[in-house]
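These notes concern the structure reproduced below.
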Amino acid sequence: MNITRWGARLSGDRRRSVPAARMQDRIDTFSLREVLAHAPALIAVTRGPAHELAYVNEAYREVFGTRRIGLPARDIMPELADHGLLTLMDQVYRTGRGRTVRARRVDHQGAAYPGMPESERRHGYYTFVCTPVRGDGGEGGRAVRGVLVFAVDVTDQVQATDRLRESERRHRQAAVTLQRSLLPQRLEHPDDLRVSARYLPGGADAAVGGDWYDVITLGAGRTALVIGDVMGRGVRAAAVMGQLRTAVRAYARLDLPPHEVLQLLDGLAMEIDATQIATCVYAVHDPSEGVLTYSTAGHLPPLVRDPAGQVHRLDDALGPPLGTGGSWPHVSGSVPLEPGSTVAFYTDGLVERRGEDIDRGIDDLAGALDEAVGPPEAVRDRLIEHMRLPVEHDDDVALLVVQLPRHEGRAATQFRTASLDLLGGHEVAARARAFTSGVLASWQVGEELRESGVLAVSEFVANALTHGAAPMRLRLRRTDRRLIVEVSDADDHVPRRRRAAADDENGRGVAIVATIASAWGSRLTNTGKTVWCEFLL
């Protein structure tokens, strides 16, 4: 294939200036071969259907080495085959339309690096363009005579892209690390519940979100169960999540109803970042009452499978998301939770799919919960497996599975409850002490612990008789780990531990109980208050 000289002169006004004419004459003296030889791009020209090499420029030789003119490219230019260009050149020659291969890695093997070991050989990235070379003849006088291979060095762009991706990867990894450090490192395991949780960050190309979960033991056998999701992505969402989770644990210690905890969180969320919105479910399990009390702030409804195998949505205590200003108050709902029940708390990443109604995803999860059996870890894994998360799912997933097991055999003797209505005047204190002593003896509680339990009951009942109001009730609970004493009355003034003066006749009861018990506390109820304490077995 002949590489012709540039023979055409610049067209234009014949009355051009003399300097311009001289410049044009100089340009006309350059041949196309000379121009291509000094081009920074890699250029090779082939002719005919066998792609016989007609020309390579200096830049091409520096990268791929010297090539013998006149031989088929398939025999002397293995680099073209390595990068899939020979097939592309066949298409270009046949169709007359150009083709492009983007950003292929190329090892420099040319004369510029003679004798260099392969391990030390430089490399770059090149975008290859194959375009037809037309000549005279053929239909319309524009027949394809050969193919021009034109390679542009895009190493800087590729490296910049790689650096950007690496920066994004490090940013995401930092967010994931922050997210995981803010989640519970180890779940608390209540006496009455079996729990298991799992957190899955979004796919590799998705920034981490603000999903979280928590299990908080409140004392007296009660347990708070929490799951939430901060809208948005990245470190900021994870940081807001951490602040909300810490606040939930602090508010939980107040032992408030679920809807009041969410209202406190709503105000805090606005103070943290008025532009961030979060959803949350806060639930409390009370084994003494056998109920799960819950409130939802814009979150997806938890699912409960009862002992009969029926799955129910807890969607009758809905409220606005956190951070919206509390324009609509949150409310609490409750559902009986019987032994053998399972509860699933989850975030939208588990059930939401593009182009599908989210209710369909919730129904799918409910169907999986209906069939999942075994301990909470097995149920958790079965639910995640059933939902078939895409490999590159773009949203975080948090799942918390809670079971209330049936106690049978020896375990049934370790979980016992006894209660006594405190009717009458001051004589009920003696009756309460006798009742407690008899019950604890029947539960085979050690003598020292039995004496401590009787003393705690005596102080609590005396305090209720002095400062409380009827009706009053004593309840004793034993688990496999602790003994729990509760006294309830109809007055809503909760006791406070204080340091009594030497001449005070009152104020020492709570201090005495706090000294002998492993934990104590009080909480408001719908009918008054309950004061409780625990003793480890």
Side-chain angles (χ1 to χ4, degrees), residues 184 186-197 214-225 283-293 302-311 334-345 369-383 400-420 435-450 452-454 456-457 473-486 517-519 521 530 532-537:
R186 187 180 64 177
L187 285 178
E188 297 182 24
H189 289 278
D191 296 358
D192 297 273
L193 299 176
R194 302 292 178 266
V195 296
S196 182
D214 212 343
V215 177
I216 309 168
T217 53
L218 303 178
R222 291 158 53 86
T223 305
L225 307 163
V284 175
H285 172 247
D286 188 339
S288 298
E289 301 293 338
V291 298
L292 181 72
T293 306
L303 301 175
V304 177
R305 185 184 66 194
D306 61 28
Q310 297 296 317
V311 178
S334 62
V335 61
L337 201 63
E338 303 175 17
S341 299
T342 300
V343 188
F345 301 86
L369 180 61
D370 181 32
E371 299 175 355
V373 296
E377 294 81 7
V379 173
R380 176 202 66 193
D381 294 342
R382 173 57 181 156
L383 296 183
L400 174 63
V401 175
V402 180
Q403 288 182 345
L404 179 60
R406 294 185 178 93
H407 298 300
E408 301 174 348
R410 183 175 181 275
T413 65
Q414 296 178 321
F415 290 82
R416 307 288 292 274
T417 301
S419 59
L420 174 68
F435 173 80
T436 301
S437 180
V439 168
L440 297 186
S442 69
W443 289 351
Q444 299 181 348
V445 173
E447 182 177 354
E448 182 178 350
L449 181 55
R450 188 162 67 245
S452 297
V454 171
V457 168
R473 186 178 180 84
L474 166 66
R475 180 158 51 201
L476 305 174
R477 289 192 68 244
R478 179 206 164 130
T479 71
D480 59 342
R481 304 177 192 174
R482 71 197 79 231
L483 170 68
I484 301 168
V485 175
E486 293 182 326
S518 59
T530 295
W532 57 268
C533 67
E534 295 180 350
F535 300 91
L536 295 178
L537 294 178

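On a predicted model such as this, the values are computed, not experimentally measured, just so you know.
Remark: the backbone N or O of Leu369 is paired with a side-chain donor or acceptor of Arg305 at under 3.5 angstrom.
Arg477 and Asp191 are not joined by a salt bridge, as no carboxylate oxygen comes within less than 4.0 angstrom of a charged side-chain nitrogen. Remark: Arg481 does not engage Glu534 in a salt bridge, criterion side-chain N to carboxylate O under 4.0 Å.
Heavy atoms only, all atoms of each residue included: Leu193 and Pro405 are closest at CA-CD, 4.4 Å. Residues Ala418 and Phe435 approach most closely at CB-CZ, 4.0 Å, considering heavy atoms. Closest approach of Gln403 and Pro376 over heavy atoms only: OE1-CD, 3.1 Å. The minimum heavy-atom distance between Thr293 and Ser334, with the atom names listed, is OG1-CB, 4.0 Å. Listed here is the closest heavy atom pair of Pro190 and Glu188: CD-O, 3.4 Å. Of all heavy-atom pairs spanning Ser341 and Pro307, the tightest one is OG-CD, 3.4 Å.
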* Should Ser288 and Glu486 be marked as a side-chain contact (heavy atoms from CB on, under 4.5 Å) after you check the CA-CA gap, both sets of side-chain angles, and the distance that decides it? -> CA-CA 10 Å; Ser288 298; Glu486 293 182 326; 3.9 Å; yes

* **Residue pair Trp443, Leu483: steps toward the side-chain contact (heavy atoms from CB on, under 4.5 Å) verdict** => CA-CA 10 Å; Trp443 289 351; Leu483 170 68; 4.1 Å; yes

* Go through the steps for Thr417 and Leu476 under the test side-chain contact (heavy atoms from CB on, under 4.5 Å), then give the verdict. => CA-CA 6 Å; Thr417 301; Leu476 305 174; over 6 Å; no

* Do Leu537 and Arg478 pass the side-chain contact (heavy atoms from CB on, under 4.5 Å) test, and can you show the C-alpha distance, the side-chain angles, and the key distance before you say yes or no? -> CA-CA 9 Å; Leu537 294 178; Arg478 179 206 164 130; 3.8 Å; yes

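Rounded to the nearest 0.5 angstrom, Leu292 CG and Thr223 OG1 are separated by 10.0 Å. To the nearest 0.5 angstrom, Arg482 atom CZ is 12.0 Å from Cys533 atom SG. Taking CZ from Arg222 and NE2 from His285, the interatomic distance works out to 10.0 Å, rounded to the nearest 0.5 Å. Atom CG of Asp192 and atom CG of Asp286 lie 9.5 Å apart (nearest 0.5 Å). Atoms CZ and CG, on Arg380 and Leu400 in that order, are 10.5 Å from each other to the nearest 0.5 Å. Summarising the geometry, atom NE2 belonging to His407 is positioned 12.5 Å from atom CZ belonging to Arg416; distances are rounded to the nearest 0.5 Å.
The only member of Leu449, Thr436, Val485 that meets side-chain contact (heavy atoms from CB on, under 4.5 Å) when paired with Val454 is Thr436. Just one of Val402, Val401, Leu404 meets the side-chain contact (heavy atoms from CB on, under 4.5 Å) condition when paired with Thr342; it is Val401.
Arg473 is listed as a side-chain neighbour of Ser419, based on a closest heavy-atom distance under 4.5 Å.
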